[in-house]
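The figures here come from the full heavy-atom set of this structure, side chains too, leaving out hydrogens, waters and symmetry mates.
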Amino acid sequence: MKTMKTTINTSTSPIVKGTVYSILFAISFGHLLNDLMQSVIPAVYPMLKQQFNLTFTQIGLITLVFQLSASILQPFVGNYTDRKPNPQSLAIGMGFTLLGLLSLSIADQFAFLLSSVALIGIGSSVFHPEASRVAQLASGGKKGLAQSIFQVGGNAGSAIGPLMAALIVIPHGQGHIRWFAAFAIGGMILLSFVGRWYKDNIAERKRRPAPVQQSVYAPGLTKGRVLTSIVILLVLIFSKYFYMASMSSYFTFYLIDKFKIGIQESQFYLFAFMAAVALGTIVGGPLGDRYGRKVIIWVSILGAAPFTLLLPHVGLVLTVALAMIIGVIISSAFSAILVYATDLVPGKVGTIAGLFFGFAFGMGGVGSALLGYVADHTSINYVFQICAYLPLIGIVTGFLPNVKGK
């Protein structure tokens, strides 16, 4: 079948000839700060559950509101900035997070909690699409490596957040969440400098030659095949982030319920899992560059299944060890999935990043809400038993075409 053609503005490609590591590390550190502050939300769930006498369904609803506010806007933000890039949006997104943290530190009603986490979610929805574009612009063609550097910042922040919450918030109370606002202010300053580089990059691209004719989709693929592949990738995101929702929102409750440990100790084990997630993210992108995205997607989703199936049936030490193994394996998928998707639809980095980040956050929120409802009507242990089968969905990777991006 004939591949469809149209005009694509190649001015969205990077003007740099090599990888700009200073920008990659800066945007990665901005991602670390962004996700560190966001991870405070699930980290303080046990404290909020006791303080406000919440059910697991309400805990899931908090996550749902946060994740939906972080997901619904992202495709629209990405599509808008594909047409009109905005260097200031990075710092603006961090500003919303700042407001949400200060609000969360003084919230005294359940509705107040929901509005606070919604502000933090909006900050995320503004930050991620443009930050992904900056990472690709600075990649110098090493898109998998660039996405891994960018993603590992977020994963590191998600790992450090629960640890800092255990040391700062859990012993001293909800009001101490305000101290995390310092990270938001620092992030706004850092991202303002990144925005200047981005602005110069945009100005230089405007001086480049007019766009040339090239494929809308990856070479050799029709619109139908590309859309089918996008759907398959979203199914894989569903399986990954539903499982991740069980870990990020309920792993501490699972450990407390099954092994009778304290809240603070459970936070250290959550930190171990999130640190493993960060490690897996580091290796996922470069391995995708070297061996192909499809291979890494296969391994990272389906390869986690033996360990997720075993986890609900072992003791504390093995539970933590298996959680770390799962974290390393399953986290290597997202960079590969995102770069694979941008190779399917060249020139639409913001739209694709917004769609996939948004869908990931949305699935995490829906998953957390549903799993909280299930936990209230069954048990936390049952939640982990049924979630153990989710990585088996990774078998649909076999239906993806082999794509090699530029």
Side-chain angles (χ1 to χ4, degrees), residues 33-73 93-127 157-158 161-184 241 244-254 256 263-264 266-267 270 274 358 361-376 380 383:
L33 295 176
N34 182 79
D35 286 22
L36 183 155
M37 293 179 288
Q38 291 180 8
S39 68
V40 171
I41 298 173
V44 298
Y45 279 168
M47 181 187 71
L48 295 178
K49 188 175 188 298
Q50 291 182 356
Q51 184 173 332
F52 292 91
N53 195 27
L54 303 177
T55 65
F56 283 118
T57 301
Q58 289 175 306
I59 292 291
L61 185 59
I62 293 174
T63 303
L64 178 63
V65 169
F66 164 62
Q67 299 284 35
L68 287 183
S69 65
S71 63
I72 291 175
L73 292 178
M94 199 68 75
F96 278 104
T97 302
L98 170 63
L99 293 175
L101 284 170
L102 294 175
S103 177
L104 184 61
S105 69
I106 60 173
D108 57 357
Q109 296 179 6
F110 182 64
F112 202 167
L113 291 176
L114 295 181
S115 62
S116 300
V117 300
L119 282 172
I120 298 174
I122 291 171
S124 180
S125 69
V126 175
F127 170 80
S158 296
L163 182 62
M164 296 193 70
L167 297 174
I168 298 173
V169 181
I170 300 301
H172 303 291
Q174 177 187 352
H176 279 66
I177 294 175
R178 66 180 179 271
W179 293 108
F180 286 85
F183 294 115
Y241 278 89
M244 288 293 289
S246 71
M247 297 297 288
S248 61
S249 294
Y250 300 110
F251 189 51
T252 52
F253 292 111
Y254 174 77
I256 292 168
I263 293 176
Q264 195 170 39
S266 72
Q267 296 294 334
L270 179 61
M274 298 307 298
F361 288 151
M363 286 299 97
V366 172
S368 182
L370 289 177
L371 294 177
Y373 179 84
V374 172
D376 275 335
I380 284 290
V383 165

For V366 and L64 the tightest heavy-atom approach is N-CD1, 3.6 Å
CE/M47 to CD1/I177 distance, rounded to the nearest 0.5 angstrom? 5.0 Å
Working to the nearest 0.5 angstrom, can you tell me the gap between T57 OG1 and L370 CG? 10.0 Å
Under the ring-ring contact (aromatic ring centres under 6.0 Å, His included) rule, what pairs show up with a residue in residues 43-70, not counting sequence neighbours? F56-F253
Pairwise side-chain contact, I120 with M37, heavy-atom cut-off 4.5 Å (strictly under): no
Separation between CE of M247 and CG of L371, rounded to the nearest 0.5 Å: 12.5 Å
Which value, rounded to the nearest 0.5 Å, describes the distance between L104 atom CG and L99 atom CG? 12.5 Å
Within a strict 4.5 Å, meaning less than it, do heavy atoms of the S39 and M274 side chains meet? no
From Y241 OH over to S246 OG, what is the distance, rounded to the nearest 0.5 angstrom? 13.5 Å
side-chain contact (heavy atoms from CB on, under 4.5 Å) between V44 and Q174, worked out: CA-CA 8 Å; V44 298; Q174 177 187 352; over 6 Å; no
Closest contact, heavy atoms only, I59 versus L54: CD1-CD1, 3.9 Å
For residues S124 and Q38, report the shortest heavy-atom separation together with the two atoms involved. CB-NE2, 2.8 Å
Are the side chains of W179 and S105 in contact, using a 4.5 Å heavy-atom criterion? no
With heavy-atom distances below 4.5 Å as the criterion, would you say the side chains of L119 and T97 are in contact? no
S103 side chain to G100 backbone, donor-acceptor under 3.5 Å: no
Are any non-hydrogen side-chain atoms of L101 and F183 less than 4.5 angstrom apart? no
On a heavy-atom basis, the closest approach of V65 and A118 is CG1-CB, 4.0 Å
Between the side chain of S248 and the main-chain N/O of M244, is any donor-acceptor distance below 3.5 Å? yes
Taken to the nearest 0.5 Å, the spacing of L48 CG from N53 CG works out to 12.5 Å
What are the two closest heavy atoms between H176 and I168, and how far apart are they? CB-O, 3.8 Å
Find out whether I106 and F112 are in side-chain contact, i.e. whether some heavy atom of one side chain is under 4.5 Å from a heavy atom of the other. yes
Quick check: closest heavy atoms across Q264 and P171, and the distance to 0.1 Å? NE2-CG, 3.9 Å
Going through the distances and angles, do S266 and Y254 end up as a side-chain contact (heavy atoms from CB on, under 4.5 Å)? CA-CA 9 Å; S266 72; Y254 174 77; over 6 Å; no
